[in-house]
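Right, one structure below, let's go through it.
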Amino acid sequence: EDVLAREFDFHKWSESEVFRVKSTIPERARESLRLTQNSEELFGERTVDFRFQNGVLRFPSPVEALHPENAEAFGEYFERKKSCGAVIILGHWNAEKKTYNQLARHYRRAGLSALRLTLPYHDHRRPVAMKLASGLMGPNLDLTIQSMSQAVREVRAAVTWLESQGHARIGLVSSSMGSMVALLALCHEPRLKAMVGYLTAADLTEVICRGTATQHVWDKLKDHLTRRDLAETWSCINPENYLGKLQIRELHTHVGQAK
């Protein structure tokens with residue numbers, strides 16, 4: 001498509017590619033701390049209207065999206081008849097859906113229904129001009145917070161829909177960035193009973209600052225703030241700050257680490 005014909009969209013896309021924060025770093029850090037202590041403001045479930053047809057689940061995103069392409073949540077459902085269990089599959093950053101559709105089919109063969117959920121700014125939810133899924137994680141600090149909130153709320157909505165399909169036990173299967181979303185969802189959604197996380201991490205700042213795939217993000221941030229600044233600014237979307245919520249729950253968790 002002709003990017004020049006979508007100048008307005010391109011302008012909004014560019015906001016996800018440069019350092020941006022609406023307030024000063026100390027102000028943003030204080031607000032992030034407040035949200036960490038009142039996290040249901042950021043991750044609380046919201047009622048949505050579901051549409052399901054031909055194996056595809058759609059619903060309006062519970063969070064108002066900056067881009068119209070990202071305003072609708074999308075998932076592909078691989079049903080296993082007479083199964084009371086189901087998994088929600090969350091892929092890695094910039095993943096293609098076909099990779100995880102294969103995984104969903106594997107779980108269906110193993111006896112579980114699977115919902116492969118598209119993360120914000122992935123697949124067709126990514127604006128044409130956006131080269132990477134920088135709307136979910138990028139140097140625009142506020143947009144990253146909003147998008148992580150969006151991702152978690154969409155997972156919680158998906159749990160509600162799976163329950164309506166008769167699934168009594170629901171878990172998460174996730175990889176890399178999807179595992180960070182999964183951890184946040186697990187900490188805030190008591191109906192989730194299990195999680196499988198591959199290549200996961202609980203510290204978002206470390207992922208940005210030390211990860212190979214995210215080096216370009218830190219390169220655009222490091223002239224504007226320190227690692228500590230980033231950790232405090234993003235404390236409200238950092239999974240490790242919520243892990244204490246899991247201590248009172250009976251969960252089955254598997255974490256894989258590459259060496």
Side-chain angles (χ1 to χ4, degrees), residues 15-16 19-46 61-66 70 73 88 90-94 117-122 125 132-158 172 174-189 192 195 197 199-211 213-214 217-218 220-221 224-246:
E15 290 185 356
S16 68
F19 171 75
R20 189 179 298 272
V21 63
K22 292 179 181 178
S23 56
T24 66
I25 293 299
E27 289 172 340
R28 178 69 260 185
R30 285 194 293 271
E31 174 60 9
S32 191
L33 176 61
R34 187 192 70 79
L35 287 170
T36 303
Q37 297 168 341
N38 302 274
S39 57
E40 281 298 308
E41 290 186 28
L42 199 61
F43 302 120
E45 186 183 11
R46 293 178 177 175
S61 180
V63 175
E64 184 177 355
L66 177 64
N70 190 43
I88 299 170
L90 305 171
H92 62 272
W93 193 40
N94 294 297
L117 195 62
T118 295
L119 291 170
Y121 292 103
H122 283 67
R125 300 182 67 178
L132 297 172
S134 52
L136 178 61
M137 183 179 65
N140 185 326
L141 305 184
D142 294 314
L143 181 59
T144 297
I145 292 172
Q146 180 193 58
S147 299
M148 293 294 281
S149 167
Q150 181 181 24
V152 172
R153 281 177 158 148
E154 288 175 2
V155 170
R156 299 190 71 173
L172 298 169
S174 53
S175 175
S176 191
M177 176 55 65
S179 287
M180 300 196 78
V181 173
L183 274 174
L184 288 169
L186 190 70
C187 290
H188 291 88
E189 179 48 74
L192 289 168
M195 175 186 164
L199 306 175
T200 192
D203 190 332
L204 180 59
T205 303
E206 284 296 298
V207 169
I208 294 295
C209 297
R210 300 180 62 181
T214 55
V217 177
W218 177 238
K220 293 179 180 180
L221 288 171
H224 303 279
L225 75 176
T226 66
R227 290 190 183 190
R228 180 175 178 177
D229 289 335
L230 184 60
E232 292 178 350
T233 300
W234 276 351
S235 67
C236 60
I237 55 172
N238 203 8
E240 71 174 0
N241 291 331
Y242 301 108
L243 295 181
K245 292 177 177 287
L246 302 180

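In this chain, numbering begins with 1 at the start of the sequence shown.
No more than 12 heavy atoms of other residues, nucleotides or ligands shown are found within 6.0 angstrom of CD on E64. Within a 6.0 Å radius of CZ in R210, no more than 12 heavy atoms belonging to other residues, nucleotides or ligands are found.
Salt-bridge formation is not detected for the pair K245/E40: no Lys NZ or Arg NE/NH1/NH2 atom is positioned less than 4.0 Å from an Asp or Glu carboxylate oxygen.
Atom NE2 of residue H188 and atom CZ of residue R156 lie 7.5 Å apart, to the nearest 0.5 angstrom. Here the OG atom belonging to S39 is positioned 13.0 Å from the CD1 atom belonging to I237, to the nearest 0.5 angstrom. Distance check, rounded to the nearest 0.5 Å: CE of M177 to OG1 of T214 gives 8.0 Å. To the nearest 0.5 angstrom, E41 atom CD is 4.0 Å from R34 atom CZ. Note that CG of N241 and CG of L183 are 12.0 Å apart. Values are rounded to the nearest 0.5 Å. T36 contributes atom OG1, which lies 8.5 Å from atom CG of N238 (distance to the nearest 0.5 angstrom).
Donor-acceptor pairing under 3.5 Å is recorded for the side chains of D229 and T226. A side-chain donor from one of S61 and E154 sits under 3.5 Å from a side-chain acceptor of the other.
Closest heavy-atom contact between S32 and S235: OG-OG, 3.0 Å. The minimum heavy-atom distance between I208 and W218, with the atom names listed, is O-CB, 3.5 Å. A pairwise comparison of heavy atoms in Y242 and L35 identifies OH-O, 4.2 Å as the closest pair. Listed here is the closest heavy atom pair of L141 and W234: O-NE1, 3.2 Å. Scanning all heavy atoms of the two residues, the minimum distance from H122 to A133 falls at CE1-CB, 3.3 Å. Residues L172 and A185 come closest through the heavy atom pair CD1-CB, 4.3 Å.
Using a 4.5 Å cut-off on side-chain heavy atoms (C-beta onward), H92 and L199 make no contact. Y121 is listed as a side-chain neighbour of L143, based on a closest heavy-atom distance under 4.5 Å.
Screening L132, L136, L119 against N94 for a side-chain contact (heavy atoms from CB on, under 4.5 Å) leaves a single residue, L132. Of the residues listed (V63, V181, N70), the one engaging P120 in a side-chain contact (heavy atoms from CB on, under 4.5 Å) is N70, and it is the only one.
Using a distance-only test at 3.5 Å, with no hydrogens or angles considered, no donor-acceptor pair links the side chain of R153 to the main chain of P62. A donor-acceptor contact shorter than 3.5 Å links the side chain of T144 to the backbone of G138. Of the possible polar contacts, none joining the S174 side chain to the L90 backbone as a donor-acceptor pair under 3.5 Å is found.
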I would like to know whether L42 and V152 meet side-chain contact (heavy atoms from CB on, under 4.5 Å); could you show each step before the answer? CA-CA 9 Å; L42 199 61; V152 172; over 6 Å; no
Between F43 and V155, does the side-chain contact (heavy atoms from CB on, under 4.5 Å) criterion hold? Intermediate values first, please. CA-CA 10 Å; F43 302 120; V155 170; over 6 Å; no
Does R28 form a side-chain contact (heavy atoms from CB on, under 4.5 Å) with D142? I'd like the steps, not just the answer. CA-CA 9 Å; R28 178 69 260 185; D142 294 314; 3.0 Å; yes
